[in-house]
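Because the structure is predicted, anything quoted here is derived from the model rather than measured. Throughout, a chain's letter reflects where its sequence line sits, starting with A, and its residues are numbered from 1.
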Amino acid sequence: MIDFRKELNPAQREAVETLDGPVLVIAGAGSGKTRTIVYRMANIVQQGHSPDSILLLTFTRKAAQEMLDRASLLLGAQGLYGVTGGTFHSFAYAWLRRYAEAMGAKNGLTVMDQSDAEGILRDIRDDLRLGKGDRSFPKRSTLLSLISKSRNKEMPIADILRGEAYHLSRYEDEIGLVAKGYESFKTRHGLLDYDDLLFGLERLLSDHAPALELARARYRFVMVDEFQDTNLVQARIVRLLAGDGGNVMAVGDDAQSIYAFRGANVHNILDFPNQFPGAKIIRLEQNYRSAQPVLDLTNAILEQAQLKFRKHLFSERKDGPLPQVFRTLSDRSQANAVVNKVLELSKKYPLHEIAVLFRAGYHSYPVEVALNKLGMRFQKFGGLRFSEAAHIKDVLGFMRLGQNPADVPSWQRVLSHIKGVGPKTVGRIYEAVLAGDNAHLAGVRRRSPEIGEVLDFLDEQRALGGTPAAMLARVLEFYTPILERKYPDDYPQRRSGLEQLERIASQYSDLEAFLGDISLENPQDEDERGKEHALVLSTVHSSKGLEWSVVLVIDLVQDRFPSRHALNSADDLEEERRLLYVACTRARDYLGLFVPSTVYNQYNHSSEPALESPFLAELPETVYESWRENFSGTMSRARDAAPAQALASPRSFGASAPAAPSAPATGKVPPSRLGYCRHKIFGRGKIVATVDGDKYRVNFPGFGLKVILANFLELE
DNA sequence: CCCCATGGTGTTTTT
DNA sequence: CACCATGGGG
């Protein structure tokens, strides 16, 4: 028996010991959230319930796996075998597969990734002859993100456009047409995008009584981690699973909501007590992770947040170094400074206890170059996905067709390496295959033996079947010559990626499960997972829920962190601030922040000056120590901490960006100066006056005077 | 119908 | 630079 009294604080214990009825746990960063979930699972099993009855929905599979591993340690051999754990998306896919026939899916259910979906949108747009010759018609990636946002936020496309893509408003009708075509295309071809998984599960549970009964009978204990990042349909799924007065525990932290861009709705966590009447609310506010100086800095970030989360974390770890801010001359010298810091700290910490965090995948390139030069091992999270590499997608295309013969994106992949074959030819071939038009196929084979080879191979593949590993082995035999022809330069490298895929496939016995996981979970193979002695590089988003002894955050400059895409709306900017909060709260002992004075601009191939991130500039100087790089490459203490540039620059944050909410709640700040500005449609214009506090009267050459919401202007 | 050269455009975050 | 849409030539 575990002595919960000894192992947990009173709030944690209450969460662990409350097994009946709904519970909402508001868990501040580092407050032992994982520990609480792990011990609660252990308690459920100790109370005599089967692990089968636990459903643990987390944000990534990695998170679920870690919790299950830790709980198994706690319970010894008894373990937690049988707990269902994973993401909403993978859970949804598993249930949809089980009920595929009942739901009327004849062709199979194939999960598409982003590039598949974008490809289909391109085809639909071309079929509808929309945007021909119009350069400003939204691109396929924009189309997908608008359509997906509209579904995730459950708002009409018009509202999405008005809110965040005002310049595309005139395409509202066309985008609607594309969206409609896209929906029916997916249905016809048995394809699911990420959003369909969630809506499909909701439909299954609400329309198909046997499924709902089975799910409720089985999952008597539902736990949802990172609840602040669920969207509306996910919240409804939780409600459906739990039923009235069900045993559901939601865990989250409103201060760490960083997925609004994908439809996450903080309201879910605030509204939980209404959705589940009688819910017990438990707050975990003691921080066990970070030393007090780190917490002082993260608390200061939160102070600036617009929604004043009345949250002030405290720690018993009073000792620890003050966070340090390093202002370097350029992003390349920043990379050197980071590497030096890592070298210094690696005497005290193992490499995998040190993480370098950044806003966007490509921000780490200079650091990667420096690490490679030194031969230091590192492991990168975030950025591009393993399964999105062209050669991996090629191979998966062959396998996907074994599962779903109507999978158009896969047809395009398996045939497009043949010379003289484009979208039209592919379209005719799969239509003929599905219609059983053997005459046409015979003609195609006569004209192109190569196409015939592919068709024969696919037939053979379907006839032989077998495990995913067996199928993959045959595909590789067929594909290797193609690989070598297609990528003469770097095929050995790609070859090793395919070997990695083989190792992953060998862990599966079911083709659908393998394909689903590959596109939903980015599985790591054992080799990669064992990178014990490697420095961690990660996007802030991918660092969610993790922690390290040392955290170094790089590129704290305007337009990078916050991203320049976030400058149009106050909400987006708030999310960027929370993102920095998430980054800094990952640190246990030491936090280092890096500000390069110039960053390399790839398309000008020149370095350009960069301004310090407003999030850093707004912090009190007492919470960190300032260092400045000398021309010799050494660092020295900067006594007058505040850099002149952040305050004096005409583009300085407070003075020039009224949409920016270091200002009071409404975002209505009278500008302190009238200058020039830029508008997406009208171009550069001169600001003549302010109107109502949140708009400007602007004179645009060629367009005349206009009154425009400050949100839609970029000040210069 | 497909390919390739050309020139304009613009870079987040993830399931 | 890298990506994408376009349009002329095969």
Side-chain angles (χ1 to χ4, degrees), chain A residues 57-63 86-93 111-119 122 125-126 131-142 144-145 148-149 151-152 192-198 201 226 229-231 233-234 257-264 357-365 381-385 387-388 415-416 418-428 447-448 516-522 538-544 555 559-568 572 575-576 578-580 582-583 599-606 680:
Chain A
L57 293 170
T58 54
F59 212 69
T60 61
R61 179 171 59 180
K62 206 162 55 180
T87 62
F88 274 93
H89 291 86
S90 61
F91 176 70
Y93 186 46
V111 181
M112 297 187 295
D113 66 16
Q114 191 172 316
S115 65
D116 294 330
E118 287 175 3
R122 189 225 305 121
R125 186 202 53 197
D126 292 350
K132 258 198 157 328
D134 179 357
R135 286 196 165 273
S136 43
F137 194 83
K139 299 194 298 194
R140 53 210 169 106
S141 59
T142 311
L144 181 64
S145 90
S148 176
K149 216 164 238 181
R151 296 186 71 198
N152 276 291
L192 300 171
D193 64 18
Y194 294 129
D195 304 329
D196 294 328
L197 292 168
L198 302 179
L201 177 60
E226 310 280 11
D229 283 323
T230 54
N231 64 17
V233 64
Q234 286 170 323
S257 148
I258 54 172
Y259 278 93
F261 72 91
R262 143 187 141 176
L357 305 183
F358 34 85
R359 176 66 180 84
Y362 70 93
H363 292 170
S364 67
Y365 292 161
F381 297 98
L384 44 127
R385 247 165 187 276
S387 62
E388 274 169 6
L415 293 172
S416 61
I418 299 169
K419 267 230 169 293
V421 175
K424 295 287 173 190
T425 313
V426 173
R428 279 198 305 262
R447 277 193 304 276
S448 164
D517 277 8
I518 275 282
S519 46
L520 292 174
E521 309 262 13
N522 207 13
S538 177
T539 59
V540 180
H541 282 91
S542 300
S543 77
K544 184 177 219 282
D555 278 339
D559 288 358
R560 289 199 164 194
F561 206 155
S563 158
R564 71 195 180 79
H565 299 279
L567 295 175
N568 290 328
D572 288 355
E575 180 151 311
E576 298 286 308
R578 292 193 295 270
L579 201 52
L580 181 64
V582 167
V599 292
Y600 191 70
N601 183 327
Q602 297 195 48
Y603 53 100
N604 283 350
H605 37 99
S606 73
K680 281 200 166 137

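When the P atom is compared between B:dT13 and C:dC4, the two are found 15 Å apart, to the nearest whole Å. When the C1' atom is compared between B:dT12 and C:dA5, the two are found 23 Å apart, to the nearest whole Å.
Atoms OH (A:Y259) and P (B:dT12) sit 16 Å apart, rounded to a whole Å. Atom CG of A:L144 is separated from atom C1' of B:dT14 by 12 Å (rounded to the nearest Å). Here B:dT14 presents its C1' atom at 12 Å from NZ of A:K149, a figure rounded to the nearest Å. Residue A:D517 contributes atom CG, which lies 13 Å from atom P of B:dT15 at whole-angstrom precision. Remark: P of C:dC1 and OH of A:Y362 are 17 Å apart, rounded to the nearest angstrom. Here B:dT13 presents its P atom at 11 Å from CD of A:E576, a figure rounded to the nearest Å. When rounded to the nearest whole Å, the span between CG of A:N152 and C1' of B:dT14 equals 11 Å. If you take CD1 of A:I518 and P of B:dT15, they are 13 Å apart, rounded to a whole angstrom.
Legend: residues meeting side chain to side chain contact (heavy atoms under 4.5 Å, CB included) with A:D116, ordered by chain and number and at least two apart, are A:M112, A:D113, A:K393, A:R400, A:P409. With sequence neighbours left out, the salt bridge (Lys or Arg N to Asp or Glu O under 4.0 Å) criterion links A:R140 to no other residue. Under the side-chain hydrogen bond (donor to acceptor under 3.5 Å, both in side chains) criterion, A:S145 pairs with no residue, sequence neighbours left out. A:E226 meets the side-chain hydrogen bond (donor to acceptor under 3.5 Å, both in side chains) test with A:K33, A:Q228, A:K544; sequence neighbours excluded. Qualifying salt bridge (Lys or Arg N to Asp or Glu O under 4.0 Å) partners for A:K149, counting only residues two or more places apart in sequence or in other chains: A:E164.
Base contact: A:Q114 has a heavy atom under 4.0 Å from a base atom. Residue-level contact check: A:F88 touches neither bases nor backbone, having no heavy atom under 4.0 Å from any strand.
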Between the protein and nucleotides 1-3 of chain B, are there any N/O to N/O pairs under 3.5 Å, and if so, what are the atom names and distances?
| unit_1 | atom_1 | unit_2 | atom_2 | d |
| --- | --- | --- | --- | --- |
| B:dC2 | OP1 | A:G422 | N | 2.8 |
| B:dC2 | OP1 | A:G422 | O | 3.2 |
| B:dC2 | OP1 | A:T425 | N | 3.0 |
| B:dC2 | OP1 | A:T425 | OG1 | 2.5 |
| B:dC3 | OP1 | A:G420 | N | 3.0 |

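Residue A:R140 places at least one side-chain N or O closer than 4.0 Å to OP1 or OP2 of C:dC4. Considering only side-chain N and O atoms, A:S542 lies under 4.0 angstrom from the phosphate OP1 or OP2 of B:dT14. Contact annotation: A:T539 side-chain N/O to B:dT14 OP1/OP2 distance is under 4.0 Å.
By the 4.0 Å N-to-carboxylate-O rule, A:R151 lies close enough to A:D196 to be salt-bridged with it.
With a 4.5 Å cut-off on side-chain heavy atoms, A:L144 and A:S141 do not count as touching.
Using a 5.5 Å limit on the distance between ring centres and a 30° limit on the angle between planes, the aromatic ring of A:F261 does not count as stacked on the six-membered base ring of B:dT12.
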